[in-house]
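Questions regarding the structure given below will be posed in turn.
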Amino acid sequence: MSLLFIAPDRDLSSWESAIQDIDPNIEIDIWPAIKDKERVQFAVCWNHPQHLLDGFPNLKAVSSLGAGADHLLSDESLPESVDICRVVSPSLVQQMKEYILAAVLNIQRNFVQYIRQNDQRKWQPHNHPSPQELQVGVMGLGELGKPTAKQLAQLGYEVSGWSRSAKEIEGVTTFAKTEELHPFLNNTHILICLLPLTEETKGILNLDIFKQIDERGWIINAARGEHLVDEDLIYALDSNILQGAWLDVFSEEPLPDKHAFWNRNNVIITPHVASITKPDEVADQIVENYKRALSGLELNHKVNRELGY
Ligand code: NAP
Ligand code: GLV
């Protein structure tokens, strides 16, 4: 039986060795070099070519190589009978906490402006708010959003969080469901998106939402590019509805040369690096789920196909 990796834009050699360090008996295929399609029972995918996954008659389960599984769920060729799981790891959580904290601190302390001023040899101090004066709203309180919200609250920020089901998180004012989206957004200075990409959340970062957060607020999107309506962001920035945007993810990656987000003082771009799956930190859970799939056991970190995450 074989475990297949499909990740066209990744060097998978370290994945192969990380899996074999745990269990040297696992047979590994790396797409497109597949020895025998009938032997493939488990696949690990990242941005796989769509319409590929129905070509393996004995495929039992597919794992995302990362935290998000939207790239798997959007592939209509994935048979209903195939279970989907994803990766959840302390390292992904830690990296996301660092990324969001770095962005929030840079915004709070005006470093974005100071770095731009460096280029102009401009000596111009700006006032900055204390953490207690900054209302930070976290959309999505799952594996990544909840610890991120908690960390910000521990550092003294005024934190609110929004999720599908109601939550209780120490130091965080929580809201749930569409009905509570408006009160959640009220007074928010920095809006952070850590939602999964689903039918319900696609395009959620739009003009209507931008108008509901604090005037001259910021958004930070470290979830998926399709959460954001690009034209609405440009309009909101140009109309002073928003002060700035900190973006790690984009509808098209790499962000095309001609995209309107480049070369703007008020848009910070990072190349989808907020939280990166490291092979040696998650190989054990991939092996565990591979063995579970082969034995017909319930997968860990299984994705709910109906909810879309
Ligand atoms: P998760 O554990 O599945 O958590 C998702 C959270 O979103 C949950 O709190 C969920 O609510 C909430 N949610 C889902 N649909 C909602 C809706 N319609 N309305 C309100 N709340 C909703 O996901 P995660 O592991 O934290 O990861 C989140 C996303 O981050 C991933 O899907 C991925 O796209 C992105 N990501 C990006 C990077 C990067 O490097 N930029 C790295 C890793 C992950 P409930 O708690 O009620 O279920
Ligand atoms: C990265 O974007 C992930 O989903 O892990």
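A quick note: this is a predicted structure, and the numbers were derived from the prediction, not measured. Atoms within a ligand are numbered from 1 in the order they appear, just like the ligands themselves.
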Is there a nitrogen or oxygen of Gly140 sitting under 3.5 Å from a nitrogen or oxygen of ligand 1?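 In this structure, Gly140 places no N or O atom under 3.5 Å from an N or O of ligand 1.
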Kindly identify the option in Ser275, Ala222, Gly68 whose heavy atom sits closest to atom 36 (N) of ligand 1.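 Considering heavy atoms of Ser275, Ala222, Gly68, the nearest to atom 36 (N) of ligand 1 sits in Ala222.
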Lys146 heavy atom under 4.0 Å from ligand 1: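 No, Lys146 has no heavy atom closer than 4.0 Å to ligand 1.
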Please check whether Glu200 reaches ligand 1 - meaning an N/O of the residue sits under 3.5 Å from an N/O of the ligand, judged on distance alone.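 Yes; at least one N/O pair falls below 3.5 Å.
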Is Lys177 near ligand 1, meaning one of its heavy atoms is under 4.0 Å from it?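 Judged by the 4.0 Å heavy-atom criterion, Lys177 does not count as contacting ligand 1.
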Under 3.5 Å side-chain donor-acceptor pair for Glu281 and Ser89: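 Not at all, the side chains of Glu281 and Ser89 share no donor-acceptor pair under 3.5 Å.
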Determine, considering heavy atoms only, which of Val138, Asp248, Asp70, Leu141 sits nearest to atom 9 (O) of ligand 1.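 Of the listed residues, Leu141 has the closest heavy atom.
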Please identify which atoms of ligand 1 are closer than 4.0 Å to at least one heavy atom of Ala274.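 Reading through ligand 1 atom by atom, the close ones are 39 (C), 40 (O), 41 (N).
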Please determine whether a side-chain nitrogen of the Lys or Arg among Arg39 and Asp29 lies less than 4.0 Å from a carboxylate oxygen of the Asp or Glu.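 Asp29 and Arg39: not salt-bridged.
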Check if Arg224 has a non-hydrogen atom at a distance under 4.0 Å from any atom of ligand 2.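 In this structure, Arg224 qualifies as a contact of ligand 2 - some heavy atom is under 4.0 Å.
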Do the side chains of Asp238 and Arg264 get close enough for a salt bridge, i.e. N-O under 4.0 angstrom?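 Here Asp238 pairs with Arg264 in a salt bridge, since their nearest N and O are under 4.0 Å apart.
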Quick one: look up the protein heavy atom nearest atom 5 (O) of ligand 2 and list residue, atom name and how far away it is.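 Sorting protein heavy atoms by distance from atom 5 (O) of ligand 2 puts Ala67 N, 2.7 Å first.
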Can you list the ligand 2 atoms lying under 4.0 Å from a non-hydrogen atom of Gly66?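 What qualifies from ligand 2 is 5 (O).
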So, regarding Gly142 and ligand 1 (criterion: nitrogen or oxygen to nitrogen or oxygen, under 3.5 Å), is there a contact or not?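 By distance alone, the answer is yes.
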Quick one: does any side-chain atom of Thr201 pair with a main-chain N or O of Pro196 as donor and acceptor, under 3.5 Å?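 Present.
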Proximity winner for atom 33 (C) of ligand 1, if only heavy atoms of Arg224, His272, Glu180, Glu226 are counted: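 Minimum heavy-atom distance to atom 33 (C) of ligand 1 goes to Arg224.
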